[in-house]
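Below is one structure; the comments refer to it alone.
Heavy atoms only: backbone and side chains are in, while hydrogens, waters and symmetry mates are out. Every value quoted in this text rests on a predicted model; they were computed, and no experiment measured them.
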Amino acid sequence: SVGAPLEAKRVAAVHALVKVSGVLIAVPLLGPFTTLVQMTAEDAPRQIAMGHTLFNVGLSLMFLPLAGPIAILIKRLLPANPSEEVGFQIRYLDERILESPVLALGAANREVRRMADRVQIMMSEAMELFLKVDEEILDRLAKLESELDALTRAIVHYLANLSQNALTAEESRKAASILYIVNDLEHIGDALTKLSMLGRKMIDLGLSFSPEGIQELEEMHQKVTTNLDMAIVAFMTSDRALAESVLETKPKIARMERDLRQAHLGRLWSGLIDTRNTSAIHLEIINGWQRINDHAADIAMAVLEMSPSA
């Protein structure tokens with residue numbers, strides 16, 4: 001289909017080529033084939049099922065020796081486009097494996113890993129933005145946010161389709177846990193996008209933080225980033241101990257946010273110009289770091305809720 005990854009287009013083309021060729025070959029043999037199918041069972045439903053099976057087996061035997069030449073033909077008909085190969089796309093969500101929930105959940109997990117990668121890059125880029133106040137970083141953050149939104153929509157849609165199948169309790173639990181982390185990763189991306197708007201304001205107004213202020217922002221950013229990384233690893237590995245470690249830091253980060261707010265207000269009362277000019281931005285950033293840490297804690301909590309205790 002239009003907009004599908006190249007490999008998906010090639011698979012669809014091979015499928016269509018084989019089916020159409022099979023039908024064209026089968027038409028002249030329809031009489032003998034019908035007679036053969038009628039000999040396989042007495043009732044019509046079984047005859048139809050057997051006819052479908054015989055047709056597909058016959059196609060496989062006929063085209064298997066031609067697999068190499070067909071692959072070459074399809075690659076020539078659908079050559080790789082360098083610009084498409086470099087660009088972002090959904091890689092692993094294949095509708096054809098929805099009938100196998102284990103494979104489908106594995107595919108969704110791989111796309112979640114890509115979401116997490118982008119969130120972690122955005123965390124790093126956001127701090128870099130406040131250090132360098134660079135327009136190019138804003139562009140990179142916007143691109144990552146766009147990709148994050150696309151991954152969110154694709155994974156949620158894919159899991160909604162998967163839920164139409166008969167899932168075991170374990171499969172339903174895993175699908176729910178994936179939705180949990182997708183939701184939190186999306187919210188973290190939104191929070192980082194809002195913080196990037198503060199960077200835009202600093203660029204437009206030519207503002208910069210005081211040395212003390214930037215040191216505090218970096219310190220809190222480092223701790224929150226560590227917690228987020230731990231939460232993601234805990235989710236990917238179902239590590240309850242690691243998830244518990246993340247939850248233990250939540251009150252510490254809340255206390256740190258209060259302490260940094262007080263330290264900032266102390267500099268503000270002392271009359272530092274940089275502190276006065278960036279006061280509102282500084283306070284919003286440390287609050288943003290705390291919100292992101294809250295989402296990391298939510299991911300950790302989901303791990304504890306979804307992973308059976310020993």
Side-chain angles (χ1 to χ4, degrees), residues 1-16 78 80-126 139-168 170-194 196 228-229 231-238 292 295-296 298-300 302-303 305-306:
S1 63
V2 176
L6 177 62
E7 290 305 316
K9 292 179 181 178
R10 287 174 172 172
V11 169
V14 170
H15 185 266
L78 295 172
N81 185 331
S83 62
E84 289 184 3
E85 292 297 297
V86 173
F88 169 80
Q89 58 186 236
I90 305 300
R91 292 181 182 173
Y92 305 114
L93 303 183
D94 190 338
E95 299 287 331
R96 293 165 299 176
I97 63 174
L98 284 172
E99 294 181 0
S100 175
V102 173
L103 294 178
L105 289 169
N109 254 327
R110 295 175 78 180
E111 295 292 2
V112 169
R113 175 68 261 185
R114 297 179 71 208
M115 280 190 76
D117 288 343
R118 279 155 179 77
V119 165
Q120 289 169 313
I121 294 171
M122 289 178 75
M123 276 292 291
S124 176
E125 292 278 27
D139 294 338
R140 294 199 295 268
L141 282 166
K143 180 177 180 294
L144 288 165
E145 169 66 7
S146 176
E147 293 176 0
L148 203 61
D149 286 344
L151 284 164
T152 299
R153 290 193 299 271
I155 295 170
V156 171
H157 177 75
Y158 191 71
L159 292 177
N161 287 341
L162 177 63
S163 69
Q164 302 304 307
N165 298 329
L167 304 181
T168 65
E170 176 67 9
E171 289 164 351
S172 295
R173 183 186 65 78
K174 288 183 177 178
S177 70
I178 291 173
L179 286 174
Y180 270 121
I181 190 172
V182 166
N183 182 62
D184 280 303
L185 290 174
E186 181 189 22
H187 284 314
I188 293 172
D190 291 341
L192 289 166
T193 298
K194 289 180 181 177
S196 73
L228 177 60
D229 292 345
I232 290 170
V233 172
F235 175 84
M236 294 298 175
T237 60
S238 299
I292 291 169
H295 287 299
D298 288 343
I299 293 171
V303 173
E305 292 176 349
M306 295 296 174

- The side-chain contact (heavy atoms from CB on, under 4.5 Å) partner of Leu105 among Leu159, Leu167, Ile97 is Leu159
- Message: For Ala296 versus Ala231, what's the shortest heavy-atom pair and its separation?
- Response: O-CB, 3.4 Å
- Message: For a quick test of reading the model, state the closest non-hydrogen atom pair linking Met115 to Leu148 and the distance between them.
- Response: O-CD1, 3.5 Å
- Message: I'd like to know whether Phe235 forms a side-chain contact (heavy atoms from CB on, under 4.5 Å) with Val112, so could you lay out the CA-CA distance, the side-chain angles of the two residues, the decisive distance to 0.1 Å, and finally the verdict.
- Response: CA-CA 10 Å; Phe235 175 84; Val112 169; 4.3 Å; yes
With no hydrogens and no angle check, is any side-chain donor or acceptor of [X] less than 3.5 Å from a backbone partner on [Y]?
{"X": "Glu111", "Y": "Tyr92", "result": "yes"}
{"X": "Ser146", "Y": "Lys143", "result": "no"}
{"X": "Ser124", "Y": "Ile121", "result": "no"}

To the nearest 0.5 Å, tell me how far [X] [atom1] sits from [Y] [atom2].
{"X": "Leu151", "Y": "Arg114", "atom1": "CG", "atom2": "CZ", "result": "5.5 Å"}
{"X": "Ser172", "Y": "Glu170", "atom1": "OG", "atom2": "CD", "result": "9.5 Å"}
{"X": "Leu162", "Y": "Glu95", "atom1": "CG", "atom2": "CD", "result": "10.0 Å"}
{"X": "Thr237", "Y": "Ile232", "atom1": "OG1", "atom2": "CD1", "result": "11.5 Å"}

- Task: Step by step, work out the side-chain contact (heavy atoms from CB on, under 4.5 Å) result for Leu93 and His157.
- Result: CA-CA 10 Å; Leu93 303 183; His157 177 75; over 6 Å; no
- Answer yes or no: does atom CZ of Arg113 have more than 12 heavy-atom neighbours from other residues, nucleotides or ligands under 6.0 Å? yes
- Item | Worked check of side-chain contact (heavy atoms from CB on, under 4.5 Å) between Glu145 and Met122 | CA-CA 8 Å; Glu145 169 66 7; Met122 289 178 75; 3.8 Å; yes
- Is there a side-chain contact (heavy atoms from CB on, under 4.5 Å) between Thr193 and Leu141 once you walk through the steps? CA-CA 7 Å; Thr193 298; Leu141 282 166; over 6 Å; no
Exercise answer: donor-acceptor pairs, residues 180-192 side-chain atoms, under 3.5 Å, sequence neighbours excluded:
unit_1, atom_1, unit_2, atom_2, d
Asn183, OD1, His187, NE2, 3.3
Asp184, OD1, His295, ND1, 3.0

